[in-house]
Protein chains: 2
Amino acid sequence: MSTTAPLRPRKAQIDRTATALFRARGFAATSMRELATALGLEAGSLYSHIKSKEEILHRVCFGLADSFFAGFAAATQEAAPVAAQLRQAIVAHVRVLTHDSAASAVFLHEWRHLSEPARSEFLALRDRYEGAFRALIARGVAAGELHTPDPAFAALTLLASLNWLPNWYRPEGKLSPDEIAHRLAEQLLSGLV
Amino acid sequence: MSTTAPLRPRKAQIDRTATALFRARGFAATSMRELATALGLEAGSLYSHIKSKEEILHRVCFGLADSFFAGFAAATQEAAPVAAQLRQAIVAHVRVLTHDSAASAVFLHEWRHLSEPARSEFLALRDRYEGAFRALIARGVAAGELHTPDPAFAALTLLASLNWLPNWYRPEGKLSPDEIAHRLAEQLLSGLV
DNA sequence: TAAGCCGGCTAACGCCCGTTAGCAAACGGC
DNA sequence: GCCGTTTGCTAACGGGCGTTAGCCGGCTTA
C-alpha cells in the first residue's frame with residue numbers, strides 16, 4: 001500500500017477532470033488544451049500543478065491499483081470458507097469499479113500509454129492481482145468448495161466479466177453496487193446450468 | 001451482410017499492418033508516418049491507396065462486425081436445443097476472435113475514434129449483436145433449458161468473458177481455438193458450483 | 001506591512017500531425 | 001508499342017501538440 005500523499009485540491013480536480021476526458025476520448029486523443037478548457041484555464045496554467053500529462057495517467061492507474069489490492073486484502077484476511085472469501089473479493093472489486101467508474105475505465109484501457117518503466121511496473125501489478133484471484137480459486141478447488149478444470153481459466157473469465165462493468169454501470173441505475181456485485185457473484189459461481 | 005468488395009492486395013496489406021499498430025499503440029497514438037515506415041513507404045504514398053486514416057479503422061470495425069453476425073447466424077439457424085445453439089454461438093464468436101485477434105482488439109477498443117455518424121452506426125450494430133445473445137438466452141430460459149434471474153445480465157457477462165480473449169490468446173499456445181471455445185462455454189454455462 | 005507562496009496569464013518554442021499536389025517509374029492488356 | 005492503372009516519390013500546407021519561461025495579482029502568515 002504505497003501511501004499517497006494528500007493532493008492539493010486543485011490538483012485533485014485536475015485529476016478528476018482529466019480522468020473523465022481520458023475515459024471519453026482516450027489518453028492520446030485528449031489534449032492539454034481541451035483539459036484546460038474543461039477546467040476554465042489556459043493550457044500553460046496546468047503546469048503550475050502537474051509536471052506532465054503522463055503524470056496524471058500514472059497517478060490514476062497506480063492509485064486504482066492500490067484500491068484493488070486493498071479491497072482484496074480486506075476481503076480475504078478473515079478465516080472464512082474460500083468460497084465466501086471469493087464472494088467478498090468480488091464484492092470488493094465491484095465496489096472499486098463502481099465507486100469511480102471513470103478512473104476504472106482509464107485503469108483498464110489507458111495504461112498502455114504509460115511509458116517505460118511505469119508500463120512494465122503496472123503490468124506486473126496487474127499480473128500479481130490476477131494471480132491472487134487464481135490462487136484463491138485454486139485453494140477453493142483444493143478444499144473441495146469450488147470445481148473447475150482450470151483455475152487460471154476461471155480467474156481470467158471471472159475478472160473479465162467484472163471488468164466489463166464500467167462499460168455499462170450507471171450510478172443512477174436500479175441496482176446498487178452491492179446488489180450488482182452479488183448478482184455477478186451468483187452468476188459467475190453458479191453458471192447458467 | 002454487406003458484401004465487402006475484394007481489396008487490392010496492397011490495400012489489404014496496409015489494413016493488416018495498420019490493424020497491428022492500432023492494436024499495439026492505439027488508433028490516436030499511431031501516426032501515418034509510423035504506418036508508412038512499417039510498410040517501407042513514405043507517408044504521402046499511403047494516400048494512393050486509402051482516403052484517410054479513419055477509413056482504415058472504419059473498414060476494420062465494420063468488417064469484423066460482419067464476421068460476428070455471420071458466425072452467429074450460422075450457429076443459430078439449425079433447429080437444435082437452445083443450449084446447443086448458445087454453445088455454437090460461443091464457438092463461432094471465439095473463432096472470429098482467434099482468427100484475427102489484432103482486428104478483434106481494434107474492434108473492441110478503438111471504435112470510439114470513429115467519427116459520427118459511423119460511431120453511432122457501429123454502436124447500433126454492437127447493441128444488435130448483444131441483443132441477439134440476450135434473446136437467445138431468454139429463449140433458453142423460457143424453454144427451461146437455461147436458468148438465470150436476468151438474461152440481459154447473463155448476456156453481458158458472457159460476452160465480457162469471451163471478449164477478454166484477444167488480450168491473452170496466443171496462436172502458438174497449447175489450446176486450439178475450438179478447445180478454448182469449449183472450455184469457455186463449459187465454464188460460463190456451468191459456473192464454479 | 002512585508003514576505004512568500006498559490007494560481008493563473010501570455011507568448012512562444014520545436015516538433016509532429018493528417019493530408020494534398022504534382023510528378024514519375026513500372027507494368028499488364030489490347 | 002501504346003495507354004491506363006498501380007504504386008511510389010518529394011515537398012509542402014496549415015494546424016495542433018506538450019511544454020517552458022517569465023510575469024503578476026492576491027491571499028496568508030508573521
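Note on naming: letters A, B, ... go to the chains in the order of the sequence lines (proteins, then strands), and numbering restarts at 1 for each one. Computed from a prediction, not measured in an experiment: that's the story for all the values here.
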*Whole angstrom is fine here: how far is it from NZ in A:Lys11 over to P in C:dG8?*
14 Å
_Under 4.0 Å, counting only non-hydrogen atoms across every strand here, what does B:Ser48 touch: a base, just sugar-phosphate, or nothing?_
base
*Stepwise, does the side chain to side chain donor-acceptor pair (under 3.5 Å) test hold for B:Ser120 with B:Glu116?*
CA-CA 6 Å; B:Ser120 295; B:Glu116 296 294 350; 2.6 Å; yes
*asked:* It should be established whether B:Ser45 places a side-chain nitrogen or oxygen under 4.0 Å from OP1 or OP2 of nucleotide D:dC9.
replied: yes
*C:dA12 P sits how many Å from A:Met32 CE, rounded?*
21 Å
*Could you state the atom-to-atom distance from CD1 of A:Ile50 to P of C:dG8 in whole Å?*
13 Å
*Please name all residues satisfying side chain to side chain contact (heavy atoms under 4.5 Å, CB included) with A:Ser48, sequence neighbours left out, ordered by chain then number.*
none
_Shortest side-chain distance from A:Ala43, nucleotide among C:dG8, D:dT19, C:dT19_ = D:dT19
*Tell me which of B:Phe27 and A:Gly44 sits closer to the 5' end of DNA chain C, going by the nucleotide each one is nearest to.*
A:Gly44
_Within the 3.5 Å criterion, strictly below it, is a donor on A:Gln13 or A:Arg16 matched to an acceptor on the partner's side chain?_
no
*Whole angstrom value for the distance that separates C1' of D:dT19 from CG of A:Leu46*: 11 Å
*Is the shortest heavy-atom distance from the side chain of A:Phe153 to the side chain of B:Leu184 under 4.5 Å?*
yes
*For B:Gly40 and A:Ser52, take the nucleotide of DNA chain D holding the closest heavy atom to each; which residue's nucleotide lies nearer the 5' end?*
B:Gly40
*Between A:Arg33 (CZ) and D:dT20 (C1'), how many Å, whole number?*
12 Å
*How far apart are the C-alpha atoms of B:Arg126 and B:Glu130, what are their side-chain angles, what is the distance that settles it, and do they pass the salt bridge (charged side-chain N to carboxylate O under 4.0 Å, His left out) test?*
CA-CA 6 Å; B:Arg126 200 152 139 283; B:Glu130 190 185 300; 5.8 Å; no
_Under 4.0 Å, heavy atoms only, any strand: does B:Leu41 hit a base, just the sugar-phosphate, or nothing?_
sugar-phosphate
*asked:* Whole angstroms only, please: what is the CD-C1' distance between B:Glu42 and C:dA24?
replied: 15 Å
*Any side-chain N or O of B:His49 under 4.0 Å from OP1/OP2 of D:dT7?*
yes
_Measure CG/B:Leu35 against P/C:dC16 and give the value in whole Å, please._
18 Å
*Whole Å only: how far is the OH atom of B:Tyr47 from the C1' atom of C:dA21?*
14 Å
